[in-house]
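Written out below as structure tokens is the structure these notes cover.
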2 protein chains.
Amino acid sequence: MPKNCNFIEKLREAGLRPTKQRIKMCEVLYNREKTFHFTINDLVKIISEKMNEKISLATVYNTVHAFEKKGYLKEISIDSHKSYFDTNTSAHHHFFDEDTHELIDCDESDIDKINIRKNIKGKKINSVEVLVRVASDNQTQK
Amino acid sequence: MPKNCNFIEKLREAGLRPTKQRIKMCEVLYNREKTFHFTINDLVKIISEKMNEKISLATVYNTVHAFEKKGYLKEISIDSHKSYFDTNTSAHHHFFDEDTHELIDCDESDIDKINIRKNIKGKKINSVEVLVRVASDNQTQK
DNA sequence: ATCTACATTATAATAATTCTAAACTATTGA
DNA sequence: TCAATAGTTTAGAATTATTATAATGTAGAT
Ligand SMILES: [Mn+2]
Ligand SMILES: [Mn+2]
Ligand SMILES: [Zn+2]
Ligand SMILES: [Zn+2]
């Protein structure tokens, strides 16, 4: 979803009723300069602490999954223990900072096109995504 | 761990007491031709159904995590909802079959070396792994 | 054989997520 | 306008995966 867009219209187009909870969540998620990577927990915290709003946890889950189904959010597998979501729904690669647990998007120029030589009979490729795990390089440490 | 190895010795070397539960689990995990990718649930099922053994669920978790810490198993992030483990602990790429939820290892020749042009200040790269999601290509379907 | 540190186990606790069913509300159209 | 209705929110219960606890068992040392 584009930044500063008319969320009421966008929600309607997606067949989702523009309730105040959903509009608030759109603002949190999409009124940003950069891609937003988050866990449900992050999102709940932002809504309650930064926005001083109260949206039921069940609604946050429902809405995130509704947005995911409509293609406005994408789930990212980084950690088997919790779900990360991404407002950048295109196929793209990531850096994952193992110190801060932060995800950073790669753009086209950051990683050369991946060349897959193998193919699995009867199967087509749905996506090819690279995860680069990084951590502080402690060159100053012994 | 090599196939058909002396698991008692291997466990001792790792500083792990070779208990009967651990030896049994080594047999299930490492007496195989190919890399084994599994969830805890898969493993428990194999132990109880195929091996007709009873190992407490807590022990399965403890042992898998002990093996992981010693570098005999590696956790793979495919699905935020459950943990996959891999007996191939080297850095390698995967195909993931979205129909069967099966992981397949790539070998060196399957994917060309990944060229990363970006670097994050103060961070070093720990790993670069590619996940290729595949699904049945249904060319016969409408 | 005895000791002891470590391991196993059943069970309880926790955490993430989903379900349920009642209350609420956005939209429709009389 | 204003009910009717279908979709939505909500608190709380249920479920699932995982981890903690604490009692019991056992491998390895003496
Ligand atoms: Mn999900
Ligand atoms: Mn883990
Ligand atoms: Zn991203
Ligand atoms: Zn593998």
Side-chain angles (χ1 to χ4, degrees), chain A residues 6-29 37-48 51 53-70 72-85 101, chain B residues 6-29 37-48 51 53-70 72-85 101:
Chain A
N6 182 347
F7 296 125
I8 294 179
E9 267 320 303
K10 272 286 171 196
L11 288 166
R12 278 226 176 80
E13 280 166 30
L16 297 171
R17 280 193 187 169
T19 64
K20 61 179 187 298
Q21 293 87 347
R22 285 170 176 175
I23 295 163
K24 179 59 64 182
M25 285 180 64
C26 282
E27 288 166 4
V28 172
L29 294 173
H37 299 102
F38 64 94
T39 65
I40 296 282
N41 226 320
D42 296 337
L43 184 53
V44 167
K45 232 176 233 154
I46 291 169
I47 294 166
S48 66
M51 310 297 288
E53 289 278 336
K54 153 82 191 167
I55 301 179
S56 148
L57 181 59
T59 300
V60 176
Y61 273 99
N62 289 341
T63 304
V64 164
H65 288 134
F67 287 3
E68 186 189 9
K69 195 177 301 172
K70 294 297 176 180
Y72 293 142
L73 285 176
K74 183 178 170 185
E75 193 166 7
I76 307 287
S77 297
I78 300 299
D79 180 324
S80 310
H81 303 290
K82 57 184 145 186
S83 289
Y84 279 76
F85 291 90
H101 288 189
Chain B
N6 182 346
F7 295 126
I8 294 179
E9 268 320 303
K10 272 289 173 195
L11 287 167
R12 280 224 177 82
E13 281 167 31
L16 296 170
R17 281 194 185 167
T19 63
K20 60 179 188 301
Q21 290 87 348
R22 284 171 179 177
I23 295 162
K24 180 58 65 182
M25 284 179 64
C26 282
E27 288 165 3
V28 173
L29 294 173
H37 299 102
F38 63 94
T39 65
I40 297 281
N41 225 321
D42 296 336
L43 184 53
V44 167
K45 232 177 231 154
I46 290 169
I47 293 167
S48 67
M51 311 297 289
E53 290 278 337
K54 154 80 193 168
I55 301 178
S56 149
L57 180 61
T59 300
V60 176
Y61 273 100
N62 289 341
T63 304
V64 164
H65 287 135
F67 287 4
E68 187 190 8
K69 197 177 299 176
K70 295 296 177 183
Y72 292 141
L73 284 176
K74 183 178 169 184
E75 194 167 6
I76 307 286
S77 296
I78 301 300
D79 180 324
S80 311
H81 302 289
K82 57 183 145 184
S83 288
Y84 279 77
F85 292 89
H101 288 188

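Labels below follow one simple rule: chain letters A, B, ... track the order of the sequence lines, proteins then strands, and each chain is numbered from 1.
- Distance CD1/A:Ile76 to OG/B:Ser77: 12.0 Å, rounded to 0.5 Å.
- Atom C1' of nucleotide D:dA17 and atom CG of B:Leu43 are separated by 15 Å, given to the nearest angstrom.
- Between the CZ atom of B:Phe38 and the P atom of D:dA17 there is a distance of 16 Å, given to the nearest Å.
- Note that CZ of B:Phe7 is 8.5 Å distant from CG of B:Leu29, once rounded to the nearest 0.5 Å.
- Straight-line distance from the CG atom of B:Leu11 to the P atom of C:dC6: 16 Å, rounded to whole Å.
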Could you go through nucleotides 27-30 of chain D and list every protein N or O atom that sits under 3.5 Å from one of its N or O atoms, giving the distance for each pair?
{"from": "D:dG28", "atom 1": "OP1", "to": "B:Arg12", "atom 2": "NE", "distance (Å)": "3.1"}
{"from": "D:dG28", "atom 1": "OP1", "to": "B:Arg12", "atom 2": "NH2", "distance (Å)": "2.5"}
{"from": "D:dG28", "atom 1": "OP2", "to": "B:Arg12", "atom 2": "NH2", "distance (Å)": "3.1"}

Please list each protein N or O that sits under 3.5 Å from an N or O in nucleotides 10-16 of chain C, with the distance.
none

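- Between A:His65 and C:dT18 there is a side-chain N or O to OP1 or OP2 distance below 4.0 Å.
- The heavy-atom pair separating B:Glu75 from B:Ser83 by the smallest distance is OE2-OG, 2.8 Å.
- Close to C:dT9, at under 4.0 Å from its OP1 or OP2, lies a side-chain N or O of B:Gln21.
- Atom CG in A:Asn62 sits roughly 14 Å away from atom C1' in D:dG12 (whole-Å rounding).
- Atom-to-atom distance recorded for A:Thr59:OG1 and A:Met25:CE is 8.5 Å, nearest 0.5 angstrom.
- At least one donor-acceptor pair closer than 3.5 Å links the side chain of B:Arg22 to the backbone N or O of B:Arg17.
- Summary of the strand contacts: A:Arg22 and B:Ile40 both lie near DNA chain D, and taking for each the nucleotide with the nearest heavy atom, the more 5' one is attributed to A:Arg22.
- When A:Asp42, A:Val64, A:Thr39 are each tested for a side-chain contact (heavy atoms from CB on, under 4.5 Å) with A:Phe85, only one passes: A:Val64.
- Atom OH in A:Tyr84 sits 6.0 Å away from atom NE2 in A:His101 (nearest 0.5 Å).
- If you take CG of A:Asp79 and P of D:dT18, they are 11 Å apart, rounded to a whole angstrom.
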Should B:Thr63 and B:Leu16 be marked as a side-chain contact (heavy atoms from CB on, under 4.5 Å) after you check the CA-CA gap, both sets of side-chain angles, and the distance that decides it?
CA-CA 10 Å; B:Thr63 304; B:Leu16 296 170; over 6 Å; no
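- Counting to the nearest Å, the P atom of D:dT8 and the CZ atom of A:Phe67 are 11 Å from each other.
- The shortest distance between side-chain heavy atoms of A:Phe67 and A:Leu11 falls below 4.5 Å.
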